[in-house]
Amino acid sequence: MSVAVKLEDVHKSFGAVEVLKGVSFEVAPGEVVAIIGRSGSGKSTALRCINRLEKVQSGVIEVCERQVNDAKLDLRALRQDVGIVFQSYNLFPHLTIAENIMLAPRRVKHITRAAGRALALEKLAQVGLEEKIDAYPEQLSGGQQQRVAIARSLAMSPRVMLFDEVTSALDPHLTGEVLRVMETLAKGGMTMIVVTHEMGFARRAADRVIYMHMGTVWESGSADILTNPQTPELQDFLANEL
Amino acid sequence: MTYQLDFTSLGAYWPQFLAGALTTLQFTLYATALGLVIGIVGAIARGSHVGWLRLVAGIYVEVVRNTPFLIQIFFLFFGLASLGLRMPIFVAAVLAMVINVGAYSTEIVRAGIESVHPSQIEAAESLGLSRFQIYRDIILKPALERVYPSLTSQFTLMMLMSSVTSQVSAEELTGAANNIQSVTFRSMETYLIVGLLYLLLTLLLKAGFWGLGQVLFPRRRRLGTVL
């Protein structure tokens, strides 16, 4: 697999509003890509198209050798390959942390309850929350909930992880604990696409940065573009961001 | 006004009182179990993408909730009988209760389903769960946990309303009381006893629902908070 994720001239509209106006980029296996840009630039929409939470009008999206835009796509298989973490965590409130994590492995991969619990413990260790295994989501802080959400995604052994502004609802302290988990994950070789407003994270962890503006990839390159932007729009964006 | 309460003549009728109370309880248990099933199916139908399913469920709910229970029983027992469709009193009474409580349960369960945020479903889809699994694990379970108090009070109300089935001669608690007081002429005492028995049944039912809730909803048991 030379390309984990590929978008080619992707167009997406919500009603009359065209949100993606020909977006193209590629992500290699093991690569960490940060997508930055203003609200409304289409970065979250582009991310959500990758595991088909949004359907696109035209263009090619290829994820782990699957054509996402194909009518014959095995959607559930795609979603086993692609994990996603949301801004609002979206843990299941009626289930314990262990049950949140083992639900999909048990239902989709048919592992036993004991194996599921062992898996939950292993993934919780990865995000530093083993002691919360029997708690309920409402008993956790936002940062802890988000780390559980990451563990829940990891439990399905995805080949690509998507992060949709996962720290936007958190204060700086809690943001730090979530970003550290993500940086460890990045160092471990996980293919990651991270929509974020955290320029520090992009600088430290991203192999590549994509700046989206008005529904297109406006500028992209190594994290150096954050200190040495080529377009006035990115310059302007970074000046306001810092 | 001097009225001397006298329960002595009623002593001989304890077996009838007890049999009536048991019948009421039996009616209620059937109505609760089947009504819950109808409530879940009805709520799913009301939220369905299939137009005619939504319509059928909607008509069912509106017709039942906007007509008197007594008329519903008369229709089932006397109305259908004149079409040649006769059923035993027990069946007619339970059927009327199931149809009635099913409609109210449909609306209650639907409220619970609508309280599940779309982002929950998105998260479940993203984990690769099937539509059926999402409905069962992510929508219905928290929906039922949320509306459990409303559902159980509806079922309790149904038990009290089952007294209306005495109008088609069902031998439940009220029916038994009617018979006893017409023989003993001790109306005051009879209905006092029956009132107390209903109160006891209600408390029994409430305790049962509470216990069931403790088993079904471990989150509520452990945290004591509403979902």
Side-chain angles (χ1 to χ4, degrees), chain A residues 44 47-48 50-54 74-110 134-140 145-146 148-149 151-158 160-164 169, chain B residues 36 39-40 43-44 49 108-152 209-227:
Chain A
S44 280
L47 194 77
R48 290 164 58 85
I50 293 171
N51 75 340
R52 221 176 80 176
L53 283 176
E54 306 289 353
D74 182 348
L75 197 54
R76 292 183 66 196
L78 168 78
R79 282 161 177 180
Q80 286 178 52
D81 279 343
V82 183
I84 184 165
V85 183
F86 302 93
Q87 181 178 339
S88 48
Y89 336 130
N90 300 354
L91 296 182
F92 305 126
H94 59 298
L95 301 178
T96 65
I97 300 310
E99 290 164 343
N100 261 278
I101 296 174
M102 64 173 143
L103 177 68
R106 290 198 62 205
R107 294 284 185 260
V108 180
K109 297 183 173 174
H110 307 291
D134 290 315
Y136 283 93
E138 70 187 88
Q139 297 174 297
L140 270 54
Q145 290 194 43
Q146 196 58 293
V148 170
R152 181 175 69 176
S153 266
L154 290 176
M156 287 299 283
S157 316
V160 177
M161 282 284 282
L162 311 176
F163 294 85
D164 190 5
Chain B
L36 181 62
I40 290 172
I44 292 172
H49 294 297
I108 294 171
V109 174
R110 180 168 78 126
I113 286 175
E114 284 173 359
S115 78
V116 176
H117 199 272
S119 64
Q120 290 278 304
I121 296 157
E122 219 167 53
E125 282 177 348
S126 300
L127 286 166
L129 296 185
S130 70
R131 272 176 64 96
F132 172 76
Q133 289 166 343
I134 292 173
Y135 233 101
R136 186 189 53 192
D137 295 322
I138 305 305
I139 300 178
L140 270 179
K141 281 184 185 169
L144 290 176
E145 182 172 341
R146 252 173 226 142
V147 300
Y148 189 67
S150 317
L151 267 181
T152 54
F209 283 135
W210 180 84
L212 192 63
Q214 295 290 299
V215 175
L216 290 178
F217 309 120
R219 199 204 62 86
R220 189 186 288 250
R221 181 179 71 233
R222 279 181 44 201
L223 303 187
T225 56
V226 289
L227 190 62

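Below, each value reflects all heavy atoms present in this structure, side chains not excepted, and no hydrogens, waters or symmetry copies. Here is how names work: the chains are called A, B, and so on, in the same order as the sequence lines, proteins then strands, and each is numbered from 1.
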If I measure from the heavy atoms of chain B, does [X] come under 4.5 Å with its side chain, its backbone, both, or neither?
| X | result |
| --- | --- |
| A:Phe86 | side chain |
| A:Leu78 | neither |
| A:Asn90 | both |

- prompt: Do B:Arg136 and A:Arg107 come close enough that some side-chain heavy atom pair is under 4.5 Å?
  reply: yes
query: Checking B:Leu129 against chain A: side chain, backbone, both or neither under 4.5 Å from a heavy atom?
result: both
task: Tell me, for B:Ser130 versus chain A, whether the close heavy atoms (under 4.5 Å) come from the side chain, the backbone, both or neither.
output: both
If you count heavy-atom pairs under 4.5 Å between each of [options] and chain B, which one has the most?
| options | value |
| --- | --- |
| A:Val85, A:Leu162, A:Leu53, A:Ile84 | A:Leu53 |
| A:Ala104, A:Ala77, A:Gly83, A:Pro105 | A:Ala104 |
| A:Arg52, A:Arg48, A:His94, A:Met156 | A:His94 |

- request: Tabulate, in ascending numerical order, the residues of residues 111-122 of chain B having at least one heavy atom closer than 4.5 Å to a heavy atom of chain A, or enter 'none'.
  value: B:Ser119, B:Gln120, B:Glu122
message: Among B:Arg222, B:Lys141, B:Glu145, which residue has the highest count of heavy-atom pairs closer than 4.5 Å to chain A?
response: B:Arg222
Which atom names give the shortest non-hydrogen contact between [X] and [Y], and what distance separates them?
| X | Y | value |
| --- | --- | --- |
| A:Ser153 | B:Leu127 | CA-CD2, 4.4 Å |
| B:Gly128 | A:Val108 | O-CG2, 3.4 Å |
| A:Pro93 | B:Arg146 | CG-NH2, 4.2 Å |

field: Check: A:Tyr136 side chain, B:Leu223 main-chain N or O, donor-acceptor pair, under 3.5 Å
entry: no
message: To the closest 0.5 Å, what do you measure between CZ (A:Arg76) and CZ (B:Arg131)?
response: 12.0 Å
- request: With rounding to the nearest 0.5 Å, note down the distance linking OG1 in A:Thr96 to CZ in B:Arg219.
  value: 12.0 Å
